[in-house]
Amino acid sequence: GWFRSDDKSGLGDWVLCKEKFAGGIEACVNKLNELNLNFGIWFEPEMISDNSALYKTHPDWVLNNGNEGSLSRNQYVLDLTNPAVVDYITDLVTGFLSHYPVTYLKWDANRYISEAGSKYTKNQGEVWHRYVLGLYEVFERITKKFPNVWIEGCAGGGGQPIHESCELAEERGNILWRLDAGEKIRFSHENPDVLALYEEFLGKPLSEKSHHLLHIDHTAWEMPKAVD
């Protein structure tokens, strides 16, 4: 990733890996501009590495079972029931978007929640619900401040279906949708039941703009080539 040299670090801190970007992100952006391409970036803001500076400072910000959480993919899940975590993630992403000309943000969530326990929330039975509300707030604040940035929700081909994201898309004009790099399904004719579910959730058909975006032709999809 752009923020780490291995898969055991970097999540939560999001500090540029200078070994990979000696000229900084600015050099990458300039090269893309020369090629008449827009700049997009990958984030996984809900996750945190156990050897990150953030974890060392705030181990209480991790979802846990009362003692400590279990690692999966060398990472923990941040506790979005905690308003301080919501503020941290929001400030992190909006700060990045303010500094760089991002037009596309890929929002990943690679691991599942194995311990839905919180050191912040008193009623542990409310953790799942409050977590989702916290995530909705993050999306609401980001899309409100950056209505022209497209956000792609990525989570194992739909492992984290965020229903209100479609509603935000209708209101803001930028849409969040599910994909996995190894799958072709993206709310399309290949998966019509998902589209029907979202329209039922909204209580109305999706707008023409969103409907068009949700029906991307996957036969034309291919991974972008690296830029020298």
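Source: prediction; values computed, not measured.
- Linking Ile, Leu, Val, Met, Phe, Trp and Tyr whenever their side-chain heavy atoms come within less than 4.5 Å leaves Ile48 and Val15 in two separate clusters.
- In this structure, CG on Leu97 lies 7.0 Å from CD1 on Ile142, to the nearest 0.5 angstrom.
- Transitive grouping of hydrophobic side chains (ILVMFWY, heavy atoms separated by less than 4.5 Å) keeps Tyr112 and Val132 in distinct clusters.
- Considering all non-hydrogen atoms of both residues, Ala27 and Gly23 come closest at CB-O, 3.5 Å.
- Side-chain atoms of Asn82 do not come within 3.5 Å of backbone N or O of Leu80 as any donor-acceptor pair.
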Can you check side chain to side chain contact (heavy atoms under 4.5 Å, CB included) on Phe146 and Val93, steps first, answer last?
-> CA-CA 10 Å; Phe146 296 94; Val93 176; over 6 Å; no

Test Ile41 against Tyr100 for side chain to side chain contact (heavy atoms under 4.5 Å, CB included), laying out the working first.
-> CA-CA 10 Å; Ile41 195 76; Tyr100 299 106; over 6 Å; no

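- At least one donor-acceptor pair under 3.5 Å links the side chain of Asp13 to the backbone N or O of Leu54.
- For the pair Cys28/Trp2, no side-chain contact is recorded, criterion being any heavy-atom separation below 4.5 Å from C-beta on.
- Atom CG of Leu37 sits about 5.5 Å away from atom CG of Leu32, to the nearest 0.5 Å.
- Contact annotation: the side chain of Val62 never approaches that of Val77 to less than 4.5 Å [non-hydrogen atoms, C-beta and beyond].
- Between His58 and Trp61, the angle of the ring planes stays under 30°, which puts this pair in the parallel group of the 30/60° scheme.
- Side chain of Ser49 to backbone of Gln75: no donor-acceptor contact under 3.5 angstrom is found.
- Taking the six-membered ring for Trp and thresholds of 30 and 60 degrees, Trp42 and Phe3 have nearly parallel ring planes, at less than 30 degrees apart.
- Side-chain contact between Asn38 and Tyr104 is absent, with no heavy atoms from C-beta onward closer than 4.5 Å.
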For the pair Trp107 and Glu44, evaluate side chain to side chain donor-acceptor pair (under 3.5 Å) and give the outcome as yes or no after the intermediate values.
-> CA-CA 6 Å; Trp107 188 291; Glu44 195 176 8; over 6 Å; no

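- Closest approach of Pro101 to Val29, counting heavy atoms only: CG-CG1, 3.6 Å.
- With hydrogens and angles ignored, the 3.5 Å screen pairs a side-chain donor or acceptor of Tyr88 with a backbone N or O of Gly12.
- Put simply, the side chain of Ser98 reaches to within 4.5 Å of the side chain of Lys145, judged on heavy atoms.
- Here the NZ-CZ distance, from Lys144 to Arg141, works out to 10.5 Å after rounding to the nearest 0.5 Å.
- The closest donor-acceptor contact from the side chain of Lys106 to the backbone of Gly40 lies at 3.5 Å or more, if one exists at all.
- Here Met47 contributes atom CE and Ser52 contributes atom OG; the two are 13.5 Å apart, rounded to the nearest 0.5 Å.
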Please report the C-alpha distance between Leu16 and Ile25 in whole Å, then the side-chain angles of each, then the deciding distance to 0.1 Å, and finally whether the side chain to side chain contact (heavy atoms under 4.5 Å, CB included) criterion is met.
-> CA-CA 8 Å; Leu16 180 68; Ile25 290 181; 3.6 Å; yes

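- The minimum heavy-atom distance between Val85 and Leu78, with the atom names listed, is CG1-CB, 3.9 Å.
- In terms of modelled atom types and a separation under 3.5 Å, the side chain of Asp79 and the main chain of Leu63 share no donor-acceptor contact.
- Centroid-to-centroid, the aromatic rings of Phe43 and Trp14 come within less than 6.0 Å.
- In summary, the side chains of Ser118 and Gln124 do not present any donor paired with an acceptor at a separation below 3.5 Å, with no hydrogens or angles considered.
- Side chain of Glu115 to main chain of Ser70: a donor-acceptor pair is present (N/O by atom type, distance under 3.5 Å, no hydrogens or angles).
- Summarising the geometry, atom CD belonging to Glu46 is positioned 7.5 Å from atom CD1 belonging to Ile113; distances are rounded to the nearest 0.5 Å.
- The cluster map of Ile, Leu, Val, Met, Phe, Trp and Tyr, joined by side-chain heavy atoms under 4.5 Å apart, puts Tyr120 and Ile89 in different clusters.
- Using a 4.5 Å heavy-atom cutoff, the side chains of Glu26 and Lys31 are not in contact.
- In this structure, Thr81 OG1 and His129 NE2 are separated by 11.5 Å, a value rounded to the nearest 0.5 Å.
- Closest non-hydrogen pair, Thr121 versus Asn123, comes out as CG2-O, 3.3 Å.
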